[in-house]
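Here the structure comes first, spelled out in structure tokens, and everything after it is commentary.
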Amino acid sequence: MTIREAVHNAEAKLISAGVANARLDAEVLIAHILNKNRAWVVTHVFDVLDEEANREYEAACDRRTRREPLQYILGMQEFWGLEFRVTPDALIPRPETELVVESALTVAKSLDRQTTIVDLGTGSGCIAISLAKELPTAHFFAIDASEKALVIARDNSARHNVSERIRFLRGDLLEPLAETNVRGQIDLLVSNPPYVRSGDRCSLQPEVRDYEPEAALFSGSCGTEMHQRIIAAAPDYLRRHGALIMEMGMGQAGVLREMFSASGEYTAPVFFKDLAGIERVVTARKA
């Protein structure tokens, strides 16, 4: 079977399974199996696949027809121009989360001192590692409740040569910091917390609902329960004028504004929109 025939058959299967961008996924998967790029695939469509490659390709396509995310099949996802290893033990990095990195860089680069940054719910480590690449003198704490996620994050930090500046801690939100000496010394606290309402589970795409870790997706019946906990706990660890930066879901800005106001510990929050015009990231300073 030629590459062209294999891709055509795969595309048909993916379309039948309801996969969006079926042709693109079929080409990406064949390129992955052959360890080539898509440009090579396009110029070698009449090459014949050997039996082993064909079996591997069919197996990968079968996984995709079951709506397993493409990123988990490939084992990689790009974020902030870097490649991150991903598995079902950690949330897949998304383009919207790069806005958290942008916001954190704006704050960090305005400081005239070596910064200390905490990444809550680090998952694959994409936020902390991306910031570490951009801020070579900063030091980081990356916290997650999942040891399996931390294994992935440590691997990614080694992959990008920033392991020496990131201390990985396992635990619930800021609790692991209680045994350190950083109380009142954190310059930035960044997080992409779970913010999907538990009642919205059925509306999610199968790729998200059935494969990504629930703990990284669902916060509770309101979707802002984790934000509330972070807002309450962060002031004990932030410096005066230190910044709390969090990603949030669509339509949650009003609720978060009220939370910050009720806390009395912060200046007025500032909200930033993603490329779709949705308020996606909030920044607030410790008063």
Side-chain angles (χ1 to χ4, degrees), residues 1-99 101-102 123-127 129-130 132-134 148-149 151-163 204-213 216 274-276:
M1 182 179 295
T2 66
I3 290 175
R4 180 181 182 181
E5 290 169 332
V7 170
H8 177 76
N9 292 342
E11 180 185 11
K13 289 181 181 179
L14 296 178
I15 290 173
S16 296
V19 174
N21 302 312
R23 179 71 182 192
L24 174 61
D25 284 12
E27 292 179 353
V28 169
L29 286 172
I30 194 69
H32 172 68
I33 295 299
L34 297 175
N35 196 28
K36 304 290 185 180
N37 57 39
R38 285 182 61 220
W40 184 94
V41 170
V42 171
T43 57
H44 291 75
V45 291
F46 295 110
D47 286 11
V48 177
L49 285 179
D50 61 45
E51 290 185 7
E52 182 179 356
N54 191 52
R55 284 196 300 270
E56 291 180 5
Y57 185 48
E58 288 184 349
C61 290
D62 286 344
R63 291 172 65 182
R64 189 69 186 101
T65 60
R66 295 192 291 272
R67 304 300 291 271
E68 183 175 351
L70 184 65
Q71 294 90 337
Y72 289 156
I73 300 172
L74 301 177
M76 288 287 175
Q77 170 64 14
E78 182 180 338
F79 180 89
W80 201 254
L82 305 170
E83 276 199 344
F84 287 86
R85 184 170 79 88
V86 292
T87 79
D89 293 317
L91 196 72
I92 297 169
R94 289 164 165 79
E96 308 90 85
T97 305
E98 292 187 350
L99 189 53
V101 176
E102 291 178 16
S124 66
C126 63
I127 295 177
I129 292 167
S130 298
K133 296 293 286 185
E134 297 285 350
K148 291 181 178 180
V151 169
I152 300 168
R154 290 188 185 100
D155 178 72
N156 282 322
S157 70
R159 180 187 301 271
H160 294 295
N161 300 310
V162 293
S163 297
L204 298 177
Q205 291 181 324
E207 286 87 345
V208 178
R209 181 187 65 235
D210 299 337
Y211 288 94
E212 296 198 68
D274 62 19
L275 294 177

Can you tell me how far [atom2] of [Y] sits from [atom1] of [X], rounded to the nearest 0.5 angstrom?
X	Y	atom1	atom2	value
Asp155	Ser163	CG	OG	9.0 Å
Leu24	Arg38	CG	CZ	5.0 Å
Glu11	Ser16	CD	OG	10.5 Å
Arg63	Tyr72	CZ	OH	11.5 Å
Asp210	Glu212	CG	CD	10.5 Å
Thr97	Asp274	OG1	CG	10.0 Å

Closest non-hydrogen atom pair, [X] against [Y]:
X	Y	result
Ala90	Ile152	CB-CD1, 4.0 Å
Glu207	Pro69	O-CG, 3.3 Å
Ala26	Leu14	N-CD1, 3.9 Å
Ile73	Arg64	CD1-N, 3.7 Å
Ile15	Ala22	CG1-CB, 3.5 Å
Ile33	Ala53	CG2-O, 3.7 Å

Chi angles and distances behind the side-chain contact (heavy atoms from CB on, under 4.5 Å) call for Val7, Thr2: CA-CA 9 Å; Val7 170; Thr2 66; over 6 Å; no
By side-chain hydrogen bond (donor to acceptor under 3.5 Å, both in side chains) - contacts of Arg154 (at least two apart): Glu147
Partners meeting side-chain hydrogen bond (donor to acceptor under 3.5 Å, both in side chains) with Arg55 (sequence neighbours left out):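 Result, side-chain hydrogen bond (donor to acceptor under 3.5 Å, both in side chains) vs Arg55: none returned.
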Does the side chain of [X] reach to within under 4.5 Å of the side chain of [Y], using non-hydrogen atoms?
X	Y	answer
Leu91	Val86	no
Val19	Leu70	no
Met1	Asn9	yes
Glu134	Trp80	yes
Ile3	Leu34	yes
Met76	Gln71	no

Quick one: does [X]'s side chain have a donor or acceptor within less than 3.5 Å of a partner on [Y]'s backbone?
X	Y	result
Glu27	Val41	no
Lys133	His160	yes
Arg209	Leu204	yes
His32	Tyr57	no

Partner set under ring-ring contact (aromatic ring centres under 6.0 Å, His included) for His44, not counting sequence neighbours: Trp40
Carboxylate-amine/guanidinium contact Asp62 Arg66, below 4.0 Å: no
CZ/Arg4: more than 12 non-hydrogen atoms of other groups inside 6.0 Å: no
Heavy-atom neighbours of Asp50 CG exceed 12 at 6.0 Å: yes
Geometric class of the Phe84/Phe79 ring pair [parallel <30°, tilted 30-60°, perpendicular >60°]: perpendicular
